[in-house]
Amino acid sequence: MSGFFKSSIGRKVAMALSALFLMFFLIIHLSVNITSVFSKDIFNVASHFMGTNWLIQFIMQPVLIFGVVYHFVMGFVLELKNRKAVGITYAKNNGAANSTWMSRNMIYSGAFILIFLVIHFLDFWIPEVKYKYIDVIPEDPNRYYEELVHKFVPIWRVALYTIGFIFLSLHLMHGFKSAFQSIGIPSIRKKIFQTCGKIFAIVVPLGFIVIALFHHFNNH
Amino acid sequence: MNLTLKIWRQKDASSKGQMVNYKVNDISEHMSFLEMMDVLNEQLVNSGEEPVAFDHDCREGICGMCSMYINGEAHGPDRGVTTCQLHMRMFKDGDTITIEPFRAAAFPVIKDLVVDRMAFERIQQAGGYISVNTSGNTQDANSIPISKHAADEAMDAATCIGCGACVATCKNSSAMLFVGAKVSQYALLPQGQVEASDRVLNMVAQMDLEGFGNCTNTGACEVECPKGISLENIARMNRELMKASFK
């Protein structure tokens, strides 16, 4: 079994599994956040649950952090290995003739998402950790909506998040179907899988962009 | 038509190569690409220069020997053809054509456009076969029923000629389409089941040992493959490896 994950295919499968987990997390994250557009109270209830439930806080959150770190570290490790495998590059290479821009530039879209994630952690996750575990302020179940809205007041942050989610969309355009191909799903060639990938890659990032724009303009 | 050719010239494996420009005139659009190269080489020999070394054998798209990277694509701009099947009608009078060897660390250049693809042979030797007792007791192949679907898919995988266009095209120099096809052609048939686990484990291990890159599913290999080998073969190889590793 350990031999499997040391092989090139094993590493590819591990990358795909971490990607599938992160895509599942995106759905959960969007499902919670989108409630803020419709109801302040529902968003507060959902966020309070996510922020205080021990299973989510102490089991799922560490797993998520491991998944994020693993996906990024392994992505860069594989990129370095692949560059070594290429050796001398072509004087003329017409990559656009046989593959999409997204598939050839996953490392760059991934690097931009990493930068965005650092900003996102500084904006939301670090203050949350400080609130709960450093300052040890008593939990206020109604604080989440105001905290969210406050973050999207400056237009520069809305613009930054929009750009971040555009890169996420580009990454998912290839990443969704690629993950299923890597774990050996035979039906990947069928139209429905590719269509699902495109819908996911557009709808999920667009949902996050809509949330940021909604709160920015709703408070002006 | 009159053409300018930018060709990679490299004296031997240890020399540093470079792109060199040549002019060829009066090339017929009905010529194959290799015939155009023959014209160039005749011109070079007549002027006392070293002809361009390139691999070729059957010149009918079967042997998998020809291996040029033409204008940024393995086997050139046409689809479903090897370099020997590529015709000059794909180019226009006055064009500049860039011709390079297949690039990959696992395919070192031997001379000019000739590369060493023995890595593929070593992968094949690691498991790309079935062991059959040929002492006179060999079972007739037709006595084993095989579904039409499986037979068709195995035959499609077996059409791989091992030219290396998949590796040359891949931005990661991955050999997974080649190995996937070789694993699949046996995995789909009952005759290949006996050694299925050892085959995939050994062939993938040898592939990694040769220094090929990791597949990132761009699909470029499938597009440039002269035999149209499907990405489905890579997915099947992944399943076969998982099955063999966890049993």
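Quick note on labels: first sequence line is chain A, next is B, and so on, each numbered from 1.
Heavy-atom distances place the backbone of B:Pro101, and not its side chain, under 4.5 Å from chain A. Contact annotation for B:Cys221: neither backbone nor side-chain heavy atoms come within less than 4.5 Å of a heavy atom of chain A. Contact of B:Ala168 with chain A is made through backbone and side chain together, with heavy-atom distances under 4.5 Å. Looking at A:Val86, the atoms closer than 4.5 Å to chain B (heavy atoms on both sides) sit in the backbone and in the side chain alike. With a threshold of 4.5 angstrom between heavy atoms, B:Arg103 approaches chain A through its backbone and through its side chain. Using a 4.5 Å cut-off between heavy atoms, B:Thr218 touches chain A through backbone and side chain atoms alike. For a residue to count as touching a neighbouring chain, one of its non-hydrogen atoms must lie under 4.5 Å from one of that chain's; by this rule B:Asn214 touches chain A with backbone and side chain alike. Residue contact with chain A, scored on non-hydrogen atoms closer than 4.5 Å, involves the side chain of B:Tyr69 exclusively. At a 4.5 Å heavy-atom cutoff, the contact between A:Ser182 and chain B is made by backbone and side-chain atoms alike. Contact of A:Arg11 with chain B is made through the side chain alone, with heavy-atom distances under 4.5 Å.
For the options A:Ser99, A:Ala91, A:Gly87, heavy-atom pairs under 4.5 Å to chain B are most numerous at A:Ala91. When the candidates A:Ser8, A:Ser103, A:Ala16, A:Ala97 are compared by the number of heavy-atom contacts under 4.5 Å with chain B, A:Ser8 comes out ahead. Contact count versus chain A (heavy atoms, under 4.5 Å) is highest, among B:Val223, B:Asn238, B:Asn217, B:Asn172, for B:Asn217. Each of B:Lys6, B:Met176, B:Arg79, B:Met207 has some count of heavy-atom pairs under 4.5 Å with chain A, and the biggest count is that of B:Met176. For the options A:Asn93, A:Thr89, A:Ile183, A:Thr100, heavy-atom pairs under 4.5 Å to chain B are most numerous at A:Asn93.
No donor-acceptor pair under 3.5 Å is formed between the side chain of B:Ser15 and the backbone N or O of B:Lys11.
For the atom pair A:Met23 CE and A:Leu168 CG, the distance stands at 10.5 Å (nearest 0.5 Å). Atom OG1 in A:Thr35 sits 6.0 Å away from atom CZ in A:Phe43 (nearest 0.5 Å).
Between B:Phe120 and B:Phe212, the two ring planes are tilted [angle within 30° to 60°].
Side-chain contact of B:Gln10 with B:Asp112: a donor-acceptor pair under 3.5 Å is absent, judged by distance alone.
Closest approach of B:Thr159 to B:Lys227, counting heavy atoms only: O-CG, 3.2 Å.
Around atom NZ of A:Lys81, no more than 12 heavy atoms belonging to other residues, nucleotides or ligands sit under 6.0 Å away.
None of A:His216, A:His120, A:His215 except one satisfies the ring-ring contact (aromatic ring centres under 6.0 Å, His included) rule with A:Tyr161; the exception is A:His120.
Residues B:Val115 and B:Ile110 have side chains not in contact (no heavy-atom distance under 4.5 Å, counting atoms from C-beta outward). Counting heavy atoms from C-beta outward, A:Arg104 and A:His174 have side chains that stay 4.5 Å or more apart.
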